[in-house]
Amino acid sequence: MLDQRLVRENPDKIASELGRRGKAVDLTRLQVIALKQRKLEEERSGLQAEGNRIGKEVGQKIKAGVDPKGEEVAELRQQGNAIKQKVAVLEEEEKHLSTQLKEQLLTYPNLPSTDCPDGKDETDNIELRSWGKPRHEQGLAEHWEIAEHLNLFDTERSVRIAQSRFVTLIGQGARLERGLINFMLDLHTSKGYKEVLPPVLVNSASLTGSGQLPKFADDCFRCSEDDLWLTPTAEVPVTSLHRDEIIPADQLPLRYAAYSPCFRREAGSYGRDTRGLIRLHQFNKVELYWFAHPDQSAEAHAQITADAEAVLRALELPYRVLDLCTADIGFSAQRTYDLEVWLPGAAAYREISSCSVCGDFQARRSAIRTKEGKATKLVHTLNGSGLAVGRTMAALLETGQQSDGSVVLPKMLVPYVGCERLQPE
RNA sequence: GGAGAGCUGGCCGAGUGGUCGAAGGCGCAGCACUGGAAAUGCUGUAUAGGGGCAACUCUAUCGAGGGUUCGAAUCCCUCGCUCUCCGCCA
């Protein structure tokens, strides 16, 4: 959420910064609302001060022996009543304005950071660097073909169990998925991340706090009986891990590595990536998350990205890093680096991690502060996939595929999977 | 699912209509004492939004919302949540 003060004092800045995202917004009306609300608040609190004064006076008089039913007290009561009525009117109007302001403010995305490259669509994203040597041979199989040969998962039967876009991992496939999760968590915790296994059902306040609600309700699965939703990413529960808290400055940064299954409705993506592990309603992900001091978030962004990259390197998976342009960064992000892994079978780079710095955007929505001297400040939050597990498996299968149909696994993974290569059982 | 209890500051806990943002304790910070520390003593220690260069000050907040009242943490209503016992269950 954006700062209300900015709406009052510099709405043009919001308009121009959101303009960089390709979003035309007119804030004149909202500014009027914000200013009027502030004015009413001043007026109201002044009246309340007067009312409080009268209330105290009545108490003092009665205590001093003045007749509670006498004229003097009756006069004060009348004054108190008059004020009460005025306050009620102001309060109602003020509340109405506050609600409008807040509701509107919750729908605006974060302002891109000044370093975020300007652009109109994903073609304006900038490649920062790449790592590894992508395989470019002819005739390489896509991961679902390899998986079918090795019998790693079953999508057809998953429709029977649930729906399309679900997968049931079987045998070596299930083992590989589990091994990858363990491997990633071990890697991150060895670098000081605190492991977290959060609830995957989250309430509306949590989704609002990290930015999914109110705008992206359609992307989430909902348990309508209970004000609970299936989390689309561990970013949601981990943000709320410290919602409404003040984190002592000497504890920052807090760094968490959270494994969770993730659930997304994928509305509007009919027909895209219908095969394999790329786009599913349920997938596993290990998420990195930082609560950082506001002065440290830029370095933190570089570090969280490096920590996500470390997984790809350890798994010997070639990738590139994109600096997403203003048109392509997510709702809560100020700036985002995407990691794209090379899929030799598809002969394309695919997003496997998105590392974002959100500034105080989520912290304001979630009321997560730190204390510096006397002042409380909003912390900065960062998140990055480390990594999306299904897509990692896809990349491993396509990258490690051999002409005999087997798949050679990277060395680091051998202890986690229990074999050096996958072959038909 | 049934029955009951409760929700107060970082934590524990007092407070059943009047000057209460809230006793007391713990914790934390500063100061004193000490060679240093412990112990002890003193002082300070909520959040949000306004005003002021500042000292400071105003408003709101005792689970949430509404009501009664000149005045509510305290009385009334609604909702939410937590806990305990029983039942069921991994």
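Letters A, B, ... are given to chains in the order of the sequence lines, protein chains preceding strands, and every chain is numbered from 1.
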Side-chain contact, heavy-atom cut-off 4.5 Å: A:C116 with A:R20? yes
Which part of the nucleic acid, if any, lies within contact of A:R364, taking any heavy atom under 4.0 Å across all strands shown: a base, the sugar-phosphate backbone alone, or nothing? nothing
Residue met sooner reading RNA chain B from 5', once A:L76 and A:E41 are mapped to nucleotides: A:E41
If you draw a 6.0 Å radius around CD in A:E420, do more than 12 non-hydrogen atoms from other residues or ligands fall strictly inside? no
If you assign each of A:G55 and A:G51 to its closest nucleotide in RNA chain B, which residue comes earlier from the 5' end? A:G55
Is A:R5 touching bases, backbone alone, or none of the nucleic acid, heavy atoms closer than 4.0 Å? sugar-phosphate
Salt-bridge criterion met for A:K61 and A:E72 (N-O under 4.0 Å): yes
Would you mind classifying the nucleic acid contact of A:E42 as base, sugar-phosphate or nothing, using non-hydrogen atoms under 4.0 angstrom? sugar-phosphate
For B:C75, what is the paired nucleotide under Watson-Crick or G-U wobble rules, both distances under 3.5 Å? B:G67
Using the P atoms only, state how far B:G51 lies from B:G36, rounded to an integer number of Å. 48 Å
Are A:Y193 and A:L288 close enough that some pair of their side-chain heavy atoms sits under 4.5 Å apart? yes
Would you find a donor on one side and an acceptor on the other, under 3.5 Å apart, between the side chain of A:Q172 and the backbone of A:Q423? yes
Using the P atom on both, measure B:G24 against B:U78 and round to a whole Å. 37 Å
Whom does B:C33 pair with, Watson-Crick or G-U wobble, provided both distances fall under 3.5 Å? none
By the 4.0 Å heavy-atom rule, please label A:I62 as base, sugar-phosphate, or nothing. base
When rounded to the nearest Å, what value does the distance between C1' atoms of B:A48 and B:G35 take? 48 Å
Provide the distance between the two C1' atoms, one in B:A14 and one in B:A73, to the nearest whole Å. 12 Å
What are the bounds, 5' to 3', of the part of RNA chain B that sits under 4.0 Å from heavy atoms of chain A? B:G18 to B:G71
Using Watson-Crick or G-U wobble geometry with both distances under 3.5 Å, which nucleotide pairs with B:U84? B:A3
Rounding to an integer number of angstrom, what distance separates B:A5 and B:G9 when you compare their C1' atoms? 23 Å
Report all side-chain donor-acceptor pairs from residues 241-249 of chain A shorter than 3.5 Å, counting only partners two or more places apart or in another chain.
from: A:H242; atom 1: ND1; to: A:E245; atom 2: OE1; distance (Å): 2.8
from: A:H242; atom 1: NE2; to: A:Y256; atom 2: OH; distance (Å): 2.7
from: A:R243; atom 1: NE; to: A:S240; atom 2: OG; distance (Å): 2.8
from: A:R243; atom 1: NH2; to: A:S206; atom 2: OG; distance (Å): 3.1

Using purine N1 to pyrimidine N3 plus N6-O4 or O6-N4 for Watson-Crick, or N1-O2 and O6-N3 for G-U wobble, both under 3.5 Å, which nucleotide pairs with B:C53? none
Under a 3.5 Å cut-off for both distances, is B:A48 Watson-Crick or wobble paired, and to whom? B:U59
Under a 3.5 Å cut-off for both contacts, is B:C89 paired Watson-Crick or G-U wobble with anything, and if yes, with which nucleotide? none
Looking only at the side chains, is there a donor atom on one of A:D219 and A:Q212 sitting less than 3.5 Å from an acceptor on the other? no
Looking only at atom P, what distance separates B:A29 and B:C86, rounded to whole Å? 44 Å
Looking only at atom P, what distance separates B:A38 and B:C31, rounded to whole Å? 13 Å
Applying the Watson-Crick and G-U wobble criteria at under 3.5 Å, what pairs with B:C20? Answer none if nothing qualifies. none
For A:K95, answer base if it contacts any base atom (sugar-phosphate contacts may also be present), sugar-phosphate if it contacts only those atoms, and nothing otherwise; contact means non-hydrogen atoms under 4.0 Å. sugar-phosphate
Between A:W229 and A:S204: side-chain donor-acceptor atoms closer than 3.5 Å: yes
Measuring only the P atom in each nucleotide, how far is B:G65 from B:A55? A whole number of Å is fine. 31 Å
